[in-house]
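Note that the structure is predicted; figures quoted are calculated from it, not measured.
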Amino acid sequence: MPGSDVESLPGAGRAVSRRLVRCRLCGRPLTGADSRRTGLGPACDAKLHPAAPDIRTRRHEVEQDPLPGT
């Protein structure tokens, strides 16, 4: 059904359908349960909510003079 908001599920013995949910950011159809619940696909969710940086990766080396007496 073109233009319909109902998606048929493959593999079902009888006609089972569920409402088509689209990503709020890009408009693509969502298939995963978490994506359907939040309304965002994995790529769009990563854009809006980037992962926190790992503190261990922010370490950087600094040039230092040797300590006196060593």
_Partner set under side chain to side chain contact (heavy atoms under 4.5 Å, CB included) for Leu67, not counting sequence neighbours_ = Thr70

_Residues in side chain to side chain contact (heavy atoms under 4.5 Å, CB included) contact with Ser35, at least two apart in sequence or another chain_ = Leu30, Pro42

_Side-chain donor or acceptor of Arg24 paired with backbone N/O of Thr38 under 3.5 Å_ = yes

*Can you sort out the partners of Asp34 under salt bridge (Lys or Arg N to Asp or Glu O under 4.0 Å), two or more places apart, ordered by chain and number?*
Arg37

*Nearest 0.5 Å, what's the SG-NE2 distance between Cys44 and His49?*
11.5 Å

*How long is the gap from CZ on Arg22 to CZ on Arg36, to the nearest 0.5 Å?*
11.5 Å

